[in-house]
Amino acid sequence: MKKIIYIFGVIFLAIIIILNLIFTTYLNSAEETIISLNSASYIIGLIAAGILMVAATKFINDKLYKDEQSKKLKIIRKSLFITVLVIYIAFNVVWTIFVNPPVVADSIHVSNLAQTMYRGNPEEFLPNLTYIGIPLSEYIQAYPQQISLAFIYSLFFRLIQFDVLEILRVLNVIGNLLIVIALYKIGNQLDKKYKTNKVLLLTLILTFISLPMLSTFIYGDIPSVALCLFAVYFMMRYTETKKIRFAVGASIFTMIAYMMRMNSLIFIIATVIYLLLNLINGFMKKELKEKLINVEVIIVYLAFSMVPATLVQNYYLGKYNLDKDERYPSISYFFMGMEESRRGNGWYNEDIAEPALKDPDMAKNEYGNRIKEKLSYFVSNPGYTFNFYVMKIASMWTENTYSAVRSNQDGTDIPIESITGSLTFYQKMLLIITCLCSLIVMIQNRKNLSLDVLFLITIFIGGFAFHVLWEAKSRYIIPYILVLIPVASIYI
């Protein structure tokens, strides 16, 4: 299992590095991807800027940590950390206040459902038409995964006794702060076995500008990944200390994350693999009681993480007299992931999505056959297949604003699109640094990779592979970049 994780990790990281050196994807206001080849000067600029950043962070890190016991340096490190964190929070808050795009599409529907739960009046919003031309009641019937997210939002409304939609952006600001803290804690965990460049780690996360930019986007993405990262840290602490409270904490964080974003399932699967690897490691030397406890932790973790979301969904489907069998078929997402569309290879396709929404039974029956036909075509046309998936992967992993500019363009007079070029270059450089450093760390330590590092790489592999098959969108890959940052911070 460890060897498989290593091989796929190396391959996927190399693919991302190569594609980012060759291609750059731009996302226009119609959410269409435009993929272009990078010039030689652009590539040289990326490499030079990346080398300078890594060298500068290493130099500063060596100065700050040359004597870890020095009280003076401890004060300096603490002061710098607090200062940059305050600046980061301030930027999140200022961006959220002054860049105020309208709440639209799925965001408005989930928010209206949360208001319905909070106000207790189903007739206020449920009959309203959604952006796809069906009532909100039919929308949540088709997409019941939105119910658990709306439930969390409604709890937040109850907590603050206030339900203006824009207030939900506060959860994103808090989530971004928690992401920084969680990654820093994970980096400290890796520091117990490897020497890490903490300055590089903080630079990679605090200057990942798309995260604060996306704080205006009301959805479960940011809070759920923050909770998942804390769950990762807590599970690492559990395997280190064998203290059940860490496993309980990880389960609670994952439960809420899964309710807010079903793609958290990738973190759940990776966590189970991590726990199994820890169980197998030194299996014969462990006492029977310890083995049984480890097995019980896996079972309880799975149940506690996933069952509450299903219970909440079923409760509200029953409360609003909705048919749980009219769910939008998941097969549609896989079918979209195999087809070309005006947005890009594997991106959202109205010609597939809308018929499936109107007639789920048709989609379940017909799309399965069409997927088989497409697979047969892929096998018979390897050149087309190779090009299709290269362009699909490139459209996600080389769109280095990660939809942050696109998500903030509407409804504001600020010319946000003017920063697209600079933001793309800078964050492309960050991604190349993150992936290249992670790749070198894996190769250098291939015979001595800790299970904690393999845990993070497993999450990355799961996210990369899943979105090769699933509907594509550049915003979806952000969690799998974040999990690489602590790995990239290990000294090479």
Side-chain angles (χ1 to χ4, degrees), residues 4 7-8 11-12 14-16 18-19 22-23 25 27-28 30-36 105-106 130-134 138-139 141-146 261-263 265-266 269 323-399 403 460-477 480:
I4 293 172
I7 291 171
F8 277 104
I11 292 172
F12 291 168
I15 288 172
I16 294 170
I18 293 168
L19 289 179
I22 297 174
F23 300 111
T25 299
L27 193 66
N28 66 20
E31 204 181 39
E32 296 167 337
T33 55
I34 303 163
I35 302 176
S36 60
D106 293 316
T130 61
Y131 73 99
I132 46 181
I134 60 174
E138 293 183 23
Y139 171 87
Q141 181 176 266
Y143 303 105
Q145 69 271 19
Q146 307 287 39
R261 193 76 169 135
M262 292 295 165
N263 283 1
L265 181 62
I266 293 169
I269 294 171
D323 187 353
K324 62 181 178 181
D325 294 326
E326 290 298 311
R327 184 184 188 124
Y328 182 82
S330 297
I331 195 171
S332 175
Y333 295 111
F334 288 107
F335 187 34
M336 279 191 284
M338 304 169 71
E339 289 289 322
E340 299 176 23
S341 81
R342 68 173 180 83
R343 291 175 172 83
N345 290 357
W347 284 59
Y348 181 82
N349 189 328
E350 294 90 341
D351 295 335
I352 295 172
E354 291 179 4
L357 182 63
K358 294 175 182 177
D359 191 348
D361 291 332
M362 175 280 298
K364 291 173 187 175
N365 296 325
E366 183 179 323
Y367 287 1
N369 293 327
R370 292 177 68 179
I371 286 174
K372 290 177 184 177
E373 293 172 3
K374 190 69 177 184
L375 286 172
S376 178
Y377 184 81
F378 280 156
V379 172
S380 302
N381 298 270
Y384 170 83
T385 304
F386 177 80
N387 182 70
F388 177 89
Y389 281 105
V390 166
M391 292 297 102
K392 180 180 181 181
I393 295 168
S395 70
M396 292 184 285
W397 288 91
T398 72
E399 197 289 285
S403 300
F460 159 72
I461 292 170
F464 182 97
F466 177 74
H467 288 293
V468 169
L469 303 174
W470 194 257
E471 173 202 356
K473 187 167 285 189
S474 54
R475 196 184 79 245
Y476 293 164
I477 66 170
Y480 317 112

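We use all heavy atoms of the structure for the numbers below, so side chains are in, but hydrogens, waters and symmetry mates are not. Values in this document were obtained by computation on a predicted structure and should not be read as measured data.
- Judged by distance alone, the side chain of T25 and the main-chain N or O of I35 form no donor-acceptor pair under 3.5 Å.
- The closest side-chain heavy-atom distance from M391 to T33 is not below 4.5 Å.
- Atom CG of L375 is separated from atom OG of S380 by 10.5 Å, given to the nearest 0.5 angstrom.
- Across all non-hydrogen atoms, the minimal contact from F12 to A465 is CE1-CB, 4.4 Å.
- Closest of all the heavy-atom pairs between P355 and M362 is O-CE, 3.6 Å.
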How far apart are the C-alpha atoms of F466 and L265, what are their side-chain angles, what is the distance that settles it, and do they pass the side chain to side chain contact (heavy atoms under 4.5 Å, CB included) test?
CA-CA 11 Å; F466 177 74; L265 181 62; over 6 Å; no

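- The distance from atom CG of D359 to atom CD of E326, rounded to the nearest 0.5 Å, is 8.5 Å.
- Although no hydrogens or angles enter the test, the distance criterion places a donor-acceptor pair under 3.5 Å between the side chain of N365 and the main chain of D361.
- In this structure, CD1 in I331 is found 9.5 Å from OH in Y367, a value given to the nearest 0.5 Å.
- In terms of modelled atom types and a separation under 3.5 Å, the side chain of Q141 and the main chain of D323 share a donor-acceptor contact.
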Dump the intermediate steps for side chain to side chain donor-acceptor pair (under 3.5 Å) on Y139 and D106, then the final yes or no.
CA-CA 10 Å; Y139 171 87; D106 293 316; 2.5 Å; yes

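- Annotation: side chain of W397 is not in contact with side chain of F23 (no heavy-atom distance under 4.5 Å).
- S332 has its side chain within reach of M336: a pair of non-hydrogen atoms, C-beta onward, lies under 4.5 Å apart.
- Taking the ring centroids of Y384 and Y377, they lie under the 6.0 Å cut-off.
- Side-chain contact between I477 and E399 is absent, with no heavy-atom pair separated by less than 4.5 Å.
- Between L19 and A394, the closest heavy-atom pair is CD1-N, 4.1 Å.
- With rounding to the nearest 0.5 angstrom, the OG atom of S330 is 9.0 Å from the NZ atom of K364.
- Side chains of R327 and Q145 form a contact here, defined as non-hydrogen atoms less than 4.5 Å apart.
- A heavy-atom distance below 4.5 Å is not found between the side chains of R343 and K473.
- Under the 4.5 Å side-chain criterion, counting only non-hydrogen atoms from C-beta, R342 is in contact with E350.
- The two atoms that bring N345 and N387 nearest to each other are ND2-O, 4.4 Å, heavy atoms only.
- The closest side-chain heavy-atom distance from F464 to I15 is below 4.5 Å.
- Here the straight-line distance linking atom OH of Y333 with atom OH of Y348 works out to 8.5 Å at 0.5 Å rounding.
- Considering every non-hydrogen atom in both I352 and E339, the closest pair reads CD1-CG, 3.7 Å.
- A donor-acceptor pair under 3.5 Å links the side-chain atoms of T385 to the main chain of F378, judged by distance alone.
- Between W347 and S395, the side chains place a donor N or O and an acceptor N or O closer than 3.5 Å (distance only, hydrogens not considered).
- Put simply, CG on N369 and NZ on K372 are 5.5 Å apart, with the number rounded to the nearest 0.5 Å.
- F8 CZ: 12 or fewer foreign heavy atoms inside a 6.0 Å radius.
- K392 contributes a side-chain N or O that, together with a main-chain N or O of V468, makes up a donor-acceptor pair within less than 3.5 Å.
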Could you give me the CA-CA distance, side-chain angles and deciding distance for T130 and Y143, then say whether side chain to side chain contact (heavy atoms under 4.5 Å, CB included) is met?
CA-CA 12 Å; T130 61; Y143 303 105; over 6 Å; no

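- Taking each heavy atom of L27 and S474 in turn, the nearest pair found is CD2-OG, 4.4 Å.
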